[in-house]
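Down below is the structure, laid out as structure tokens.
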Amino acid sequence: MEIRVEPQGRHVVMVTIDNQRRLNAMTRPMMAELGRVWDELERSDCRCIVLTGAGERAFCAGADIREFLEPPVPTRFREERRRLDFRREMDRCPQPIIAAIRGFALGGGLELALACDIRVAAEDAQLGLTEINLAIIPGGGGTQRLPRLVGRGKALEMILTGMRVSAAEALRLGLVERVVPVAELLPSAQALAKSIAEKAPIALRYAKEAVVSGIELPLADGLRLENDLATLLRTTEDRVEGARAFVEKRKPKWSGR
Ligand code: COA
């Protein structure tokens, strides 16, 4: 199995890309599989997801370059759409997705990390959109998501040169949110996921939707979306439970309603 899905406690799921021989480069079937994974997790009671790469060398070294040499294979329409759409699915996935990045995150591998909601990198991480070295450009959202995080000039510098940045530089640029020692990568990403998973599920869902959908909208429309979602949250049982638990000085017990 090249995409592993393993529960970590009650509400956290760990998704691992495992193609270690090729630094977790993603083949077409792996991309389609990842699309199916988001679909399935969306319907599960998982509240937060950690995405990582197997082994010690890479989060993901991008698309499997060997496939670039193969003649195009006829794929079923559904499978092809999944393959192209699996990063968009991550925006639509109601649960927050945390990338735990160790070693290389290059090309489609960085695009995958960019499609996650929060990025935690190990000190050995090297990140870059290296497609230009292969006479192509990022085709999985990289030209759009990178400038939204680091600005137009830095994004163009990275995309036009194919340069790699270190974890420390990525943190400075706002390309990753946290940098931790290598040995602490998975424990700290999992601890972050667990702390998120302890929050009320509907509030988590709407918080992600407000930010992820809102960022694409003009401010006035984004504010309206926020207002709609905030208003909906005023009708939940968990909202009452949150306030009651605060007053009673106890931990809240979320029902997810
Ligand atoms: N697709 C297919 N195979 C890949 C790969 C990719 N994207 N990235 C690495 N591999 C394979 C290598 O071919 C090699 O396989 P081999 O042992 O059968 O020859 C194995 O993974 C290890 O990589 P190697 O290049 O020997 O390791 P390295 O430490 O010298 O270099 C990288 C590591 C990441 C710098 C280098 O592998 C690389 O540049 N990879 C391509 C990254 C890229 O451009 N991705 C964007 C694709 S659009």
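Just the heavy atoms: all of them, side chains too, but no hydrogens, waters or symmetry mates, feed the values below.
- The shortest non-hydrogen separation linking Leu51 to Met90 is CD2-CE, 4.2 Å.
- Comment: Asp117 engages Lys208 in a salt bridge, judged by a side-chain N to carboxylate O separation of less than 4.0 angstrom.
- Interatomic distance, Cys46 SG to Arg10 CZ, rounded to the nearest 0.5 Å: 12.5 Å.
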Let me have the donor-acceptor pairs involving side chains of residues 184-206, under 3.5 Å, with sequence neighbours excluded, atom names and distances please.
| from | atom 1 | to | atom 2 | distance (Å) |
| --- | --- | --- | --- | --- |
| Ser188 | OG | Glu184 | O | 2.9 |
| Ser188 | OG | Leu185 | O | 3.3 |
| Gln190 | NE2 | Gln8 | OE1 | 3.4 |
| Lys194 | NZ | Glu198 | OE2 | 3.4 |
| Ser195 | OG | Leu192 | O | 2.9 |

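- Closest non-hydrogen pair, Leu112 versus Arg87, comes out as N-NE, 3.9 Å.
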* Trace of the side chain to side chain contact (heavy atoms under 4.5 Å, CB included) decision for Leu225 with Glu209 -> CA-CA 9 Å; Leu225 171 68; Glu209 186 180 341; 4.2 Å; yes
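- Annotation: Phe246, atom CZ; neighbour count of heavy atoms from other residues, nucleotides and ligands within 6.0 Å does not exceed 12.
- The CE atom of Met30 sits 5.0 Å away from atom CD of Glu2, with the distance rounded to the nearest 0.5 Å.
- Of the charged side-chain nitrogens involved, at least one lies within less than 4.0 Å of a carboxylate oxygen, so that Glu216 and Arg88 count as a salt-bridged pair.
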Query raised in the report: Yes or no on side chain to side chain contact (heavy atoms under 4.5 Å, CB included) for Leu223 and Leu219, after CA distance, side-chain angles and deciding distance?
Result: CA-CA 6 Å; Leu223 291 173; Leu219 181 64; 3.9 Å; yes
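- Contact between Phe59 and Ala100 at its shortest, heavy atoms only, is CD1-O, 3.4 Å.
- Across Asn133, Leu134, Leu129, a single residue satisfies side-chain contact (heavy atoms from CB on, under 4.5 Å) together with Glu131, and that is Leu129.
- Using a distance-only test at 3.5 Å, with no hydrogens or angles considered, a donor-acceptor pair links the side chain of Thr235 to the main chain of Leu232.
- At a cut-off of 3.5 Å, with distance as the only test, no side-chain donor of Arg47 or Gln95 sits close to an acceptor on the other residue.
- Hydrophobic cluster membership is shared by Val15 and Ile101, with clusters built from Ile, Leu, Val, Met, Phe, Trp and Tyr side chains linked at under 4.5 angstrom.
- Neither Met31 nor Phe104 shares a network with the other; the hydrophobic side chains, linked directly or stepwise wherever heavy atoms of I, L, V, M, F, W or Y lie under 4.5 Å apart, form separate groups for each.
- Thr16 places no side-chain N or O within 3.5 Å of a backbone atom of Asp18 that could act as its donor or acceptor partner.
- Connection of Val165 to Val176 is established within a shared hydrophobic cluster, with ILVMFWY side chains joined at heavy-atom distances below 4.5 Å, either directly or through further cluster members.
- Considering SG of Cys93 and CD of Glu42, their distance stands at 6.0 Å, rounded to 0.5 Å.
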Evaluate salt bridge (charged side-chain N to carboxylate O under 4.0 Å, His left out) for Asp64 paired with Arg22, printing each intermediate quantity in order. CA-CA 8 Å; Asp64 189 326; Arg22 297 187 185 167; 2.7 Å; yes
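- The closest side-chain heavy-atom distance from Val182 to Arg102 is below 4.5 Å.
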Would Lys154 and Leu173 count as a side chain to side chain contact (heavy atoms under 4.5 Å, CB included) here? Give the steps. CA-CA 9 Å; Lys154 196 73 203 178; Leu173 292 171; 3.7 Å; yes
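- Ile98 and Trp38 sit in two unconnected hydrophobic clusters of ILVMFWY residues. Membership requires side-chain heavy atoms under 4.5 Å apart, directly or through other members.
- Atom CD1 of Ile97 and atom SG of Cys116 lie 5.5 Å apart (nearest 0.5 Å).
- In this structure, Asn24 contributes its side chain and Asn19 its backbone to a donor-acceptor pair below 3.5 Å.
- Note on Val179: it does not cluster hydrophobically with Leu106, by side-chain heavy-atom contacts below 4.5 Å among ILVMFWY residues.
- Here Met158 contributes atom CE and Ile132 contributes atom CD1; the two are 13.0 Å apart, rounded to the nearest 0.5 Å.
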Could you list the donor-acceptor pairs under 3.5 angstrom formed between side-chain atoms of residues 138-153 and any protein atom two or more places apart in sequence or on another chain?
| from | atom 1 | to | atom 2 | distance (Å) |
| --- | --- | --- | --- | --- |
| Arg145 | NH2 | Asp91 | OD2 | 2.7 |
| Arg148 | NH1 | Gln144 | O | 3.1 |

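- In this structure, Glu70 CD and Glu67 CD are separated by 5.5 Å, a value rounded to the nearest 0.5 Å.
- Note on Arg250 versus Glu241: salt bridge recorded, some NZ/NE/NH1/NH2 to OD/OE distance being below 4.0 Å.
- Proximity of Leu41 to Ile49: side-chain heavy atoms (C-beta onward) are separated by under 4.5 Å at one or more points.
- Arg119 and Leu175 make their closest contact through NE-O, 2.9 Å (heavy atoms, listed as atom of the first residue, atom of the second, distance).
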- [ ] Show your working on side chain to side chain contact (heavy atoms under 4.5 Å, CB included) between Ile137 and Ile159 and close with a plain yes or no.
- [x] CA-CA 8 Å; Ile137 66 168; Ile159 291 166; 5.5 Å; no
